[in-house]
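Notes follow the structure.
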Amino acid sequence: MNKKHATLFKILLALFALNSITLYLYFSSSHHHHDNRRDTTAEGFPAIVPHRGPHLSKPWPIIPSYLPWSLTSNVPSKSCEAYFGNGFTKSADVLPAKAAVRSGSSWFRCHYSWTLRSSICEGGKIRMDPGKIKMSRGGEKLEDVIGRTEDEEMPEFEDGAFEVEAEGRGSRSKTKKLVGEEFLNEFLPVGNVMKHTMRELVRSIVVVGETDFTCQEWVEEPTLLITRFEYANLFHTVTDWYSAYVSSRVTGLPNRPHLVFVDGHCETQLEETWKALFSSLRYAKNFSGPVCFRHAVLSPLGYETALFKGLSEDIDCQGASAHDLWQSPDDKKTARLSEFGEMIRDAFGFPVNRHHSDKTVSGHYNILFVRREDYLAHPRHRGKVESRLSNEQEVFDSLQKWASDHQECKVNLVNGLFAHMSMKEQVRAIQDASVIIGAHGAGLTHIVSATPNTVILEIISSFFRRPHFQLIAQWKGLEYHAINLDGSYANPGVVIDRLNKIMRSLGC
């Protein structure tokens, strides 16, 4: 080998080594939550024993918009990270982990967010007795429970519905509450929530001694305990999904957790996404008797997320790319909703690195028209959806003719009849769309899964002017347009004119 070839070989070897190091750093930081992830092994959390047998939980995916969920105390209050990420900076160890290391007893702590005024609580060696939770069984077919009241579906907890074991406790006759009213008011304030089920759950927890803490069934892997309210509404369910996702990340779970619904609602189409996002799903009343969790996480109500709170308070945040925020952190910008949207797309097996240019590689532009249609949503529903656009069919027919006559480029108008599509099909339609158009309605919440550079056009009746989707678009950094109606009738020509301007901006 001559000197020139030897030099070239050394250069190639150096480049190979550099590439290997770069790949290692990327995968270790993305997949393993970076080096500041909290330890959730048996050594880090004594109540979590190593899982015996094969792991049943799904791994976290590698997604482009992921940023570390560091548990630090220096997240500024009211910053975008405090609203959408890990602003749970105040912690209280009710049953300290150190004592649990020594005795093998339970541990319990809460992480409080000053910004959201709510807590994520977690604990190890927690016993749930479904017999002490008053509610319907849950998980039934909708047609089997027509007419059932909402009160029947919401949980009421007796004392002892949940138990923890503490060292030195005596017999069951001397049980005491885990926390008092002062703790509940500080870490789980009622706020504007009419029925704060998470607060009531924590209030029901009693401390018992070792001889009284018995379990016939154990759930070995981390599990989220979730109570849903408006469970058949997509917007409110997205707030629940997001709360569950944030809870999983803040508590540093090594894999996607299992879920237990602590409510008595029947099945809905939306469970398809719950099951795709997380590792498994059960209803509390479906357990045959008391069950113990090695690690349980109590997820805050969807009403306590920024997605809901933004409807009544000013959350001045703008969506940005994770890459830009990694290079230049900005308290007024966030990539968390983009991260969450990628999580949803990945859960259904869709690519998470697709951008606007990928959608138009063949010169075709998908315009998704999200429709509102009648369907039976829940036991108290009459099957009729309130119209937000009185001439929706006329507008759709006009857009269909406009698309077929469009000369500048190929436009494909997609009929978004979401009520009759699987959740996976709905997410596919969202990710493939260059423009998403629709009347104000819960179906537009799907834009949380839209890819970068997707354009949103909302048709807003004067009777339903609320900022749900403008805010989601803003927090994701999506281009947003609105046609504000005088009443609920939209002039098709006005809609087409606005679409023409949007298509020209896209290069069509």
For the [atom1] atom on [X], are there more than 12 heavy atoms of other groups (residues, nucleotides or ligands in this structure) within a distance under 6.0 Å?
| X | atom1 | value |
| --- | --- | --- |
| Q393 | CD | yes |
| N491 | CG | yes |
| K309 | NZ | yes |
| N484 | CG | yes |

_Against P467, only a single residue in I472, I460, L311 fulfils side-chain contact (heavy atoms from CB on, under 4.5 Å); can you say which?_
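Between P467 and the candidates, side-chain contact (heavy atoms from CB on, under 4.5 Å) is satisfied uniquely by L311.
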Taking all non-hydrogen atoms of both residues into account, name the closest pair between [X] and [Y] and its distance.
| X | Y | value |
| --- | --- | --- |
| S248 | L224 | OG-CD1, 3.6 Å |
| A442 | F235 | CB-N, 4.0 Å |
| F88 | H111 | CD2-O, 3.3 Å |
| A296 | L225 | CB-CD1, 4.3 Å |
| G264 | E140 | O-OE1, 4.2 Å |
| I62 | V352 | O-CG2, 4.1 Å |

With no hydrogens and no angle check, just 3.5 Å: does a side-chain donor-acceptor pair link [X] and [Y]?
| X | Y | answer |
| --- | --- | --- |
| S280 | H258 | yes |
| E304 | H196 | yes |
| S243 | S299 | yes |
| T251 | E122 | no |
| E339 | Y245 | yes |
| E394 | N391 | yes |
| Y283 | E267 | no |

*Answer yes or no: is there an ion pair linking K501 with D497, defined by an N-O contact shorter than 4.0 Å?*
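Result for this pair is yes, salt bridge flagged.
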*Can a salt bridge be assigned to the pair R428 and D432 using a cut-off of 4.0 Å between side-chain N and carboxylate O?*
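Salt bridge: no.
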_I'd like to know whether V435 forms a side chain to side chain contact (heavy atoms under 4.5 Å, CB included) with M503, so could you lay out the CA-CA distance, the side-chain angles of the two residues, the decisive distance to 0.1 Å, and finally the verdict._
CA-CA 9 Å; V435 180; M503 296 309 294; 4.1 Å; yes
_Member of Y83, F84, Y242 meeting the ring pair (Phe, Tyr, Trp, His ring centres under 6.0 Å) criterion with W475_ =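 Among the candidates, only F84 passes.
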_I'd like to know whether F340 forms a side chain to side chain contact (heavy atoms under 4.5 Å, CB included) with K476, so could you lay out the CA-CA distance, the side-chain angles of the two residues, the decisive distance to 0.1 Å, and finally the verdict._
CA-CA 10 Å; F340 178 58; K476 275 184 63 72; over 6 Å; no
Determine whether [X] and [Y] make a side-chain contact, defined as any pair of heavy atoms from C-beta on separated by less than 4.5 Å.
| X | Y | value |
| --- | --- | --- |
| V455 | S434 | no |
| S398 | I496 | yes |
| L471 | I315 | no |
| I205 | F108 | yes |
| F350 | K424 | yes |
| K125 | F293 | no |
| F469 | T445 | yes |
| E153 | R380 | yes |

Hey, is the main chain of [Y] close enough, under 3.5 Å, to the side chain of [X] for a donor-acceptor pair?
| X | Y | value |
| --- | --- | --- |
| R371 | A419 | no |
| R249 | S247 | no |
| S136 | E152 | yes |
| E156 | M135 | no |
| K285 | I133 | yes |
| R336 | L67 | yes |
| W69 | V246 | no |

To the closest 0.5 Å, what do you measure between [atom1] ([X]) and [atom2] ([Y])?
| X | Y | atom1 | atom2 | answer |
| --- | --- | --- | --- | --- |
| N255 | E221 | CG | CD | 7.0 Å |
| S204 | M128 | OG | CE | 11.0 Å |
| T454 | Q431 | OG1 | CD | 9.5 Å |
| R498 | I459 | CZ | CD1 | 10.0 Å |
| I483 | S461 | CD1 | OG | 13.0 Å |
| N86 | S113 | CG | OG | 9.0 Å |

*Are H236 and F308 close enough, and set up right, to give a side chain to side chain contact (heavy atoms under 4.5 Å, CB included), and what steps lead you there?*
CA-CA 8 Å; H236 290 286; F308 185 82; 3.6 Å; yes
*So which pairs with a foot in residues 187-201 pass salt bridge (Lys or Arg N to Asp or Glu O under 4.0 Å), sequence neighbours left out?*
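Residue pairs passing salt bridge (Lys or Arg N to Asp or Glu O under 4.0 Å), neighbours aside: E181-R199, E200-R203.
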*asked:* I'd like to know whether R127 forms a salt bridge (charged side-chain N to carboxylate O under 4.0 Å, His left out) with E163, so could you lay out the CA-CA distance, the side-chain angles of the two residues, the decisive distance to 0.1 Å, and finally the verdict.
replied: CA-CA 5 Å; R127 182 179 187 266; E163 294 179 349; 3.4 Å; yes
*Quick one: do F261 and W274 satisfy ring-ring contact (aromatic ring centres under 6.0 Å, His included)? Show the steps, please.*
CA-CA 11 Å; F261 285 161; W274 279 111; 5.1 Å; yes
*Per the side-chain hydrogen bond (donor to acceptor under 3.5 Å, both in side chains) rule, which among T237, D240, T239, D263 passes with R228?*
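In the set T237, D240, T239, D263, the residue that makes a side-chain hydrogen bond (donor to acceptor under 3.5 Å, both in side chains) with R228 is D263.
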_Check for me whether the distance between the ring centres of H406 and Y365 falls short of 6.0 Å._
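No, too far apart.
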_Pairs touching residues 410-494 that satisfy disulfide bond (SG atoms under 2.5 Å apart), sequence neighbours left out_ =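 Listed once each, the pairs would be none.
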*Run the numbers on R345 and T451 for side chain to side chain contact (heavy atoms under 4.5 Å, CB included), then give the verdict.*
CA-CA 10 Å; R345 300 209 312 274; T451 60; 3.6 Å; yes
_Contacts of type salt bridge (Lys or Arg N to Asp or Glu O under 4.0 Å), residue D151, not counting sequence neighbours_ =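 Partners of D151 by the salt bridge (Lys or Arg N to Asp or Glu O under 4.0 Å) criterion come out as none, since no residue qualifies.
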*How are the rings of F464 and H440 set to each other: parallel, tilted or perpendicular (split at 30° and 60°)?*
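Plane angle under 30°, so parallel.
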